[in-house]
Visitor: 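Can you read through this structure? Questions will come right after.
Along the sequence shown, residues carry numbers from 1.
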Amino acid sequence: MADIRVKICGLSTEATLDAALDAGADLVGFVHFPRSPRHVALDRGGLLAARARGRAERVVLLVDPDDTLLRDAVAALDPDLIQLHGRETPERVAEIRARTGRPVMKAVGIASTEDLRALPAYAAVADRLLLDAKPPPGADLPGGNGRSFDWDILTRAVLPRATMLSGGLDAGNVAAALARTGLSAVDVSSGVEARPGEKDPAKIAAFVTAARRQA
């Protein structure tokens with residue numbers, strides 16, 4: 001299997017960011033979405049992103065951002081990648097990529113094979129796809145709910161090489177998830193937390209180690 005790329009998302013403190021960097025995370029994510037327990041203000045996110053510069057790809061997660069928020073987020077964090085985790089259309093994804101001049105990762109909620117039909121349109125305009133478990137009806141958050149989807153859905157799917165798997169992953173199941181899906185990139189948030197919004201350095205290290213064992 002190719003080298004496994006690991007993203008730790010929802011980081012909000014220097015200590016947990018350092019834990020992710022020291023563990024060898026390839027990407028670190030900062031959530032700017034007030035309804036999330038992992039939300040960081042843009043100025044705070046900027047300080048964390050600056051701390052990670054040159055050590056990992058810095059990702060800012062936004063949900064259905066308007067142009068003003070995009071401008072402010074890029075100015076504050078200078079992200080290497082913008083993660084879109086809302087209901088952005090392929091057209092909007094392309095517009096955001098062109099407007100910001102930054103690579104874009106589009107999260108797509110998956111619950112059944114029907115959801116895979118949306119992927120080609122997004123793959124045509126995004127630099128990377130992130131497949132996350134579709135949130136349950138009435139959920140407050142579009143992701144980070146600690147749920148997984150049936151990975152076997154992906155068995156016959158033709159996915160772009162840069163596709164990343166998310167949703168309900170932790171140190172105990174990440175190796176199996178990589179083996180079953182054939183993907184080579186994973187994203188984790190709630191699976192490395194002591195409680196919502198509070199990352200656990202030991203769980204971060206264990207997750208990265210477990211993912212790397214699959215390489």
Visitor: Find the distance between CD (Glu91) and CD1 (Ile96) and round it off to the nearest 0.5 Å.
Guide: 11.5 Å

Visitor: Decide yes or no for Asp80 and Pro103: does some side-chain heavy atom of the first lie under 4.5 Å from some side-chain heavy atom of the second?
Guide: no

Visitor: Could you tell me the separation between the CD atom of Glu193 and the CG atom of Asp200, rounded to the nearest 0.5 Å?
Guide: 9.5 Å

Visitor: Verify the cluster assignment for Leu17 and Leu47: are they in a single hydrophobic cluster under the rule of side-chain heavy atoms below 4.5 Å apart?
Guide: no

Visitor: Using the ring-ring contact (aromatic ring centres under 6.0 Å, His included) rule, collect all pairs that involve residues 10-32, keeping only residues at least two apart or in two chains.
Guide: His32-His39

Visitor: Is the backbone of Pro160 close enough, under 3.5 Å, to the side chain of Thr163 for a donor and an acceptor to pair up by distance?
Guide: yes

Visitor: So Leu154 and Leu183, do their side chains get closer than 4.5 Å, heavy atoms only?
Guide: yes

Visitor: Mind listing the closest non-hydrogen atom pair of Leu165 and Leu169 along with its distance?
Guide: O-CD1, 3.5 Å

Visitor: To the nearest 0.5 Å, what is the distance between CG on Leu62 and CG on Leu69?
Guide: 5.0 Å

Visitor: Under the salt bridge (charged side-chain N to carboxylate O under 4.0 Å, His left out) rule, collect the residues that match up with Asp78, sequence neighbours excluded.
Guide: Arg53, Arg58, Arg102

Visitor: State, with a plain yes or no, whether a side-chain heavy atom of Ile110 is found less than 4.5 Å away from one of Leu116.
Guide: yes

Visitor: Apart from Leu81 itself, what residues make up its hydrophobic cluster, given side-chain heavy atom links below 4.5 Å?
Guide: Leu27, Val59, Met105, Leu130, Met164

Visitor: What's the shortest heavy-atom distance between Ala126 and Val93, and which atoms?
Guide: CB-CG1, 4.2 Å

Visitor: Write out all pairs satisfying salt bridge (Lys or Arg N to Asp or Glu O under 4.0 Å) with one or both partners inside residues 119-130, taking only residues at least two apart or from two chains.
Guide: Arg97-Asp127

Visitor: Taking side-chain contact (heavy atoms from CB on, under 4.5 Å) as the test, write out the residues that go with Ala50, two or more places apart.
Guide: none

Visitor: Considering only Ile, Leu, Val, Met, Phe, Trp and Tyr, and joining two whenever side-chain heavy atoms are under 4.5 Å apart, list the other residues clustered with Val158.
Guide: none

Visitor: Are any of the side-chain heavy atoms of Ile153 and Thr113 separated by less than 4.5 Å?
Guide: yes

Visitor: Do you know which of Asp3, Val208, Ile4, Val6 makes side chain to side chain contact (heavy atoms under 4.5 Å, CB included) with Asp26?
Guide: Val6

Visitor: For Phe149 and Leu131, which heavy atoms make the closest approach, and how far apart are they?
Guide: CE2-O, 3.8 Å

Visitor: What heavy-atom pair brings Val186 and Ala211 nearest, and what distance separates the two atoms?
Guide: CG2-CB, 4.3 Å

Visitor: Considering residues at least two apart in sequence or located in another chain, which fulfil the side chain to side chain donor-acceptor pair (under 3.5 Å) criterion with Lys106?
Guide: Glu88

Visitor: Please identify each residue that fulfils salt bridge (charged side-chain N to carboxylate O under 4.0 Å, His left out) with Glu114, with sequence neighbours left out.
Guide: Arg117

Visitor: Walk me through it: do Arg161 and Ser184 pass the test side chain to side chain contact (heavy atoms under 4.5 Å, CB included)?
Guide: CA-CA 8 Å; Arg161 183 174 176 273; Ser184 58; 5.6 Å; no

Visitor: Between Val31 and His85, is the side chain to side chain contact (heavy atoms under 4.5 Å, CB included) condition met? List the steps.
Guide: CA-CA 10 Å; Val31 175; His85 219 105; over 6 Å; no

Visitor: Asp115 and Val108: side chain to side chain contact (heavy atoms under 4.5 Å, CB included), yes or no, with the steps?
Guide: CA-CA 8 Å; Asp115 297 314; Val108 181; 5.6 Å; no

Visitor: If you round to the nearest 0.5 Å, how far is CD1 of Ile204 from CG of Asp18?
Guide: 10.0 Å

Visitor: How long is the span from the OG atom in Ser189 to the CD1 atom in Ile8, to the nearest 0.5 Å?
Guide: 9.0 Å

Visitor: So do the side chains of Trp151 and Asn173 get within less than 4.5 Å of each other, counting heavy atoms only?
Guide: yes

Visitor: Could you list the residues that satisfy salt bridge (charged side-chain N to carboxylate O under 4.0 Å, His left out) with Arg195, not counting sequence neighbours?
Guide: Glu198

Visitor: Could you work out, with side chain to side chain donor-acceptor pair (under 3.5 Å) as the rule, every residue matching Asp152, not counting sequence neighbours?
Guide: Arg180

Visitor: With the side chain counted from C-beta on, respond yes when Val125 and Val104 share a heavy-atom pair under 4.5 Å apart, and no when they do not.
Guide: no

Visitor: Closest approach of Gly197 and Ser12, non-hydrogen atoms and distance?
Guide: O-OG, 4.0 Å

Visitor: In chain order, what residues pass the side chain to side chain donor-acceptor pair (under 3.5 Å) check against Thr13, with sequence neighbours excluded?
Guide: Thr16

Visitor: Contact between Val188 and Val174 at the side-chain level, heavy atoms closer than 4.5 Å - yes or no?
Guide: no

Visitor: According to side chain to side chain donor-acceptor pair (under 3.5 Å), who are the partners of Arg92, at least two apart in sequence or on a separate chain?
Guide: Asp67, Glu95

Visitor: I'd like to check Glu57 versus Pro79 (side-chain heavy atoms, cut-off strictly below 4.5 Å). Are they in contact?
Guide: no

Visitor: Looking at Leu61 and Cys9, what are the two nearest heavy atoms and their distance?
Guide: CD1-SG, 4.0 Å

